[in-house]
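To start, the structure under review is shown below, and the notes come after it.
Each ligand, and each atom within it, is numbered from 1 in the order the structure gives. The figures here come from the full heavy-atom set of this structure, side chains too, leaving out hydrogens, waters and symmetry mates.
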Amino acid sequence: PVVVRPSSRAFASRTPALRLKIMAESDPVLDWMMGEGGATKILRTSPVGGGCISTATRYDTDAGSFFVKSNRNTGPSMFEAEAAGLNAMHATGTIRVPKPLKVGPLSSHSRGSFIIMEFIEMGSSRGNQTELGRQLGEMHKASSSEKGFGFDVDNTIGSTPQKNPWTGDWITFFRDHRLGFQLQLIKDTYRDNDLYAKGQRLLERLPVLMKDLDNVQPCLLHGDLWSGNVATDTNGAPVILDPACYYGHNEAEFGMSWCAGFGPAFYDAYFKVMPKLPGFEQRTELYKLYHYLNHYNLFGSGYRGSCTSIIDSYLAVAR
Ligand code: ADP
């Protein structure tokens, strides 16, 4: 058979249906949409802004709309981890998250990958903080893990690797795979031995600082809950996106609260579902520290001061 490439002159003379078929042969996203996705026509594609890491596109087809993210620089594992997180949250049947549909490589001979998911039409309302708090609490409450703290796959927080090996004890998990991992990365990247040394002293004191947490149960966390990852659908229901999921202590979910704009209505509704544990206020900065350290790793020493002052304040009390 004659191979007609989308760039060839022969391509232009084919019928629209045939052209789409030819394009799908060299485009795995179109290939999925016209196969499992059930589309026979692509009505429109349009870029979606707002993302930090990947290129986002809306595909409107005669079988409905799809949301596609693609990234030329990473293999499929990043999107496979995102899909695993979205599926896990979806399975709780609580807060709305987009259903992932397909992850794959962009081509067989180069790097690059894509994820296709349900397209959610977003509404314009600012979002109902009470509903967000309640439904997030429901997600935490509905989830349970028989394997302890961690997740089935490693993922990324921003573009930093986030390791999730299953661990029986929360303090060990948080010490080694959250704070400890970021501190090591800061040392390796910036040679910041002072912050690293202080951080090590903090890690030694975690059992004292987190002493109320002996019986903490693992909950499924979104893991990167800031305002950029929270939206509202056209019915006004909250939607959470772009997760870095793992099973952890529920309070760790508020580690990005300094970029989330959660108000009193949010926390009131949340704590009605997931009651506040003793010592909550004493731990909030520890959970923020993980994300401040990550911001230092991602964006540089502008975040060093915040990291240092949190560590210093805990070292001052835990003697
Ligand atoms: P990135 O991983 O590159 O940061 P995001 O997952 O944050 O990208 O997505 C970028 C933007 O696309 C979001 O801010 C949101 O507005 C929009 N978006 C994300 N997922 C969907 C979806 N399933 N349906 C519709 N819009 C979405």
Side-chain angles (χ1 to χ4, degrees), residues 29 32-33 36-37 39 42-61 63-92 94-106 111-128 132 135-136 139 151 153-162 221-246 253 255-256 259-261 291 294-295 297-299:
V29 172
W32 182 88
M33 282 185 196
E36 269 175 82
I42 308 293
L43 305 171
R44 190 174 41 217
T45 62
S46 25
V48 179
C52 312
I53 313 279
S54 305
T55 307
T57 311
R58 170 184 185 156
Y59 283 72
D60 294 307
T61 78
S65 300
F66 300 101
F67 179 79
V68 179
K69 285 202 287 191
S70 61
N71 191 313
R72 302 217 155 269
N73 302 315
T74 62
S77 63
M78 180 177 84
F79 289 139
E80 275 159 7
E82 181 171 349
L86 290 171
N87 273 324
M89 293 195 297
H90 206 269
T92 64
T94 54
I95 194 163
R96 187 164 189 199
V97 294
K99 178 109 191 75
L101 300 167
K102 175 76 185 171
V103 172
L106 283 171
R111 269 168 86 78
S113 50
F114 67 90
I115 180 168
I116 305 176
M117 60 182 92
E118 165 195 11
F119 185 89
I120 299 181
E121 199 76 59
M122 303 301 176
S124 56
S125 89
R126 280 200 57 238
N128 180 327
L132 178 63
Q135 293 190 22
L136 183 71
M139 180 177 96
F151 200 47
V153 287
D154 292 339
N155 42 27
T156 46
I157 180 78
S159 53
T160 309
Q162 179 169 264
L221 308 183
H222 173 284
D224 191 12
L225 203 62
W226 67 288
S227 52
N229 290 339
V230 178
T232 311
D233 70 15
T234 44
N235 295 321
V239 181
I240 55 177
L241 306 161
D242 204 11
C245 289
Y246 63 99
E253 193 76 291
M256 278 296 288
C259 299
H291 293 275
N294 186 41
H295 275 61
N297 274 313
L298 287 171
F299 305 117

_For K102 and M33: C-alpha separation, side-chain torsions, deciding distance, then whether side-chain contact (heavy atoms from CB on, under 4.5 Å) applies._
CA-CA 10 Å; K102 175 76 185 171; M33 282 185 196; over 6 Å; no
*Provide, to 0.1 Å, the distance between atom 7 (O) of ligand 1 and the closest protein heavy atom, together with that atom's residue and name.*
D242 OD2, 3.2 Å
*Applying a 4.0 Å heavy-atom criterion (strictly less than), which segment of E118 is in contact with ligand 1: side chain, backbone, both, or neither?*
backbone
*Nitrogen or oxygen atoms of S54 and ligand 1 under 3.5 Å apart*: yes
*Under 4.0 Å to a heavy atom of K69 - the qualifying atoms of ligand 1, by number*: 1 (P), 2 (O), 5 (P), 6 (O), 8 (O)
*Closest by any non-hydrogen atom to atom 25 (C) of ligand 1: pick that one out of I53, I120, V68.*
I120
*So do I157 and H291 actually touch side chain to side chain, heavy atoms under 4.5 Å?*
yes
*Does the side chain of I120 reach to within under 4.5 Å of the side chain of R96, using non-hydrogen atoms?*
yes
_Residue and atom name of the nearest protein heavy atom (relative to atom 11 (C) of ligand 1), distance in Å to one decimal_ = G49 O, 3.5 Å
*Measure F119 to ligand 1 on non-hydrogen atoms and call it side chain, backbone, both or neither using the 4.0 Å cut-off.*
both
*Check ligand 1 against P98 and write out every atom of the ligand that is under 4.0 Å from a heavy-atom position of the residue.*
23 (N)
*Looking only at protein heavy atoms, which one is nearest to atom 4 (O) of ligand 1, and how far off is it?*
C52 N, 2.9 Å
*Kindly determine whether M78 and N155 satisfy side-chain contact (heavy atoms from CB on, under 4.5 Å), including the steps that lead there.*
CA-CA 6 Å; M78 180 177 84; N155 42 27; over 6 Å; no
*ligand 1 atoms in contact with M117 (distance to a heavy atom under 4.0 Å)*: 23 (N)
*asked:* With a heavy-atom distance limit of 4.0 Å, tell me whether A56 approaches ligand 1 through its side chain, its backbone, both, or neither.
replied: neither
_Just to confirm my output: which protein heavy-atom neighbour is closest to atom 20 (N) of ligand 1, and how far is it?_
F67 CE2, 3.3 Å
*asked:* I want to check something: taking the side chain as every heavy atom from C-beta on, are S70 and V29 in contact at a cut-off of under 4.5 Å?
replied: no
*asked:* Students often mix this up, so state it plainly: with edges at 30° and 60°, are the rings of W32 and F66 parallel, tilted or perpendicular?
replied: perpendicular
_Under the criterion side-chain contact (heavy atoms from CB on, under 4.5 Å), I'd like the reasoning laid out for M89 against I95: C-alpha separation, chi angles, the key distance, then a yes or no._
CA-CA 8 Å; M89 293 195 297; I95 194 163; 5.7 Å; no
*Which residue from V230, L241, N229 reaches closest to atom 13 (C) of ligand 1 through any of its heavy atoms?*
L241
*Under 4.0 Å from a heavy atom of V48: give me the atoms of ligand 1 that qualify, with their elements.*
12 (O), 17 (C)
*asked:* Set out, in order, the CA-CA distance, both residues' side-chain angles and the distance that settles side-chain contact (heavy atoms from CB on, under 4.5 Å) for V153 and E80, then state yes or no.
replied: CA-CA 9 Å; V153 287; E80 275 159 7; over 6 Å; no
*Any side-chain heavy-atom pair from T160 and Q162 closer than 4.5 angstrom?*
no
